[in-house]
Amino acid sequence: MPETYHDVRNRIASLCEGETDEIAKMATISCELFHSDSRFDWVGFYRVTAPEMLKVGPYQGGHGCLTIPFSRGVCGAAARTGEVQLIADVNNFEGHIACASSTVSEIVLPVYNKSGELIAVLDIDSDRPDAFTQTDAAQLTEMLAESFAV
Ligand code: SME
């Protein structure tokens, strides 16, 4: 039975209270989310480190690829469009980057700072088909805003 977002969001808020370092917050959020829900088998951030370029940041799970251009993959699509990507079956996503063959569905959300600049994307992968819902999108979007756009 997955924990409610209420609990994990409270824990993230209290652990990260007063923290301004983005990497420290990304590491804490990856860890807390990863252990909160059995649907999640990879949780991590890709950071914007150069124009149109994402570099892997803190994560939990098997190894992820190190660099993703905005032009590629689900992470690239989230970064390029600024919109949440809810992918029920990655096999139907043109240009999906398979870091783990076990990944079936994923959700990727853009992460903004308080100036409204895109600083990263949050990628959550599942080995279950169609694992993510609009509730995940809404809850995670709010959590990211509370954590990074303050
Ligand atoms: N699936 C992602 C790549 C990152 S890894 O799965 C950790 C994508 O297509 O953007």
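Counting starts at 1 for both ligands and their atoms, following the listed order.
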### Top protein contact for atom 8 (C) of ligand 1, by heavy-atom distance
Val74 N, 3.4 Å
### Message
Suppose I only count heavy atoms of Gly73 and a 4.0 Å limit; which atoms of ligand 1 are within that range?
### Response
9 (O), 10 (O)
### Query
Can you check whether Trp42 has an N/O within less than 3.5 Å of an N/O in ligand 1?
no
### Task
Examine distances only and state if a side-chain atom of Gln139 and a backbone atom of Ala137 form a donor-acceptor pair shorter than 3.5 Å.
no
#### Entry: Heavy-atom side-chain contact between Val43 and Leu122 under 4.5 Å
yes
### Task
Determine, for Glu146 against Arg9, whether the closest basic-nitrogen to carboxylate-oxygen distance falls under 4.0 angstrom.
yes
### Task
Write out the residue and atom name of the closest protein heavy atom to atom 1 (N) of ligand 1, then the distance separating them to 0.1 Å.
Glu106 OE2, 2.9 Å
### Task
Determine whether Thr141 and Leu109 make a side-chain contact, defined as any pair of heavy atoms from C-beta on separated by less than 4.5 Å.
yes
### Task
Give me the one residue out of Asp37, Leu140, Val108 that meets side-chain contact (heavy atoms from CB on, under 4.5 Å) with Ile124.
Leu140
### Message
Is there a polar contact, in the sense of an N or O pair closer than 3.5 Å, between Ile97 and ligand 1?
### Response
yes
## Note on the structure
Note: Phe132 and Phe40 closest approach over all heavy atoms is CE2-CE2, 3.6 Å
### Residue and atom name of the nearest protein heavy atom (relative to atom 6 (O) of ligand 1), distance in Å to one decimal
Asp125 OD2, 3.0 Å
### Query
What atoms of ligand 1 come closer than 4.0 angstrom to any heavy atom of Tyr46?
4 (C), 7 (C)
#### Entry: Proximal ligand 1 atoms for Asp123, defined as those under 4.0 Å from one of its heavy atoms
2 (C), 4 (C), 5 (S), 6 (O), 7 (C)
### Task
Indicate yes or no: does an N/O atom of Cys75 lie under 3.5 Å from an N/O atom of ligand 1?
yes
### Query
Can you find an N/O atom of Cys99 closer than 3.5 Å to an N/O atom of ligand 1?
no
#### Entry: Check: Gln60 and Leu33 side chains under 4.5 Å, non-hydrogen atoms
no
### Test of proximity, Arg72 against ligand 1: N or O pairs below 3.5 Å
no
### Close side-chain approach of Ile119 to Phe45, heavy-atom, < 4.5 Å
no
### Heavy atom of Thr103, distance to ligand 1 below 4.0 Å
no
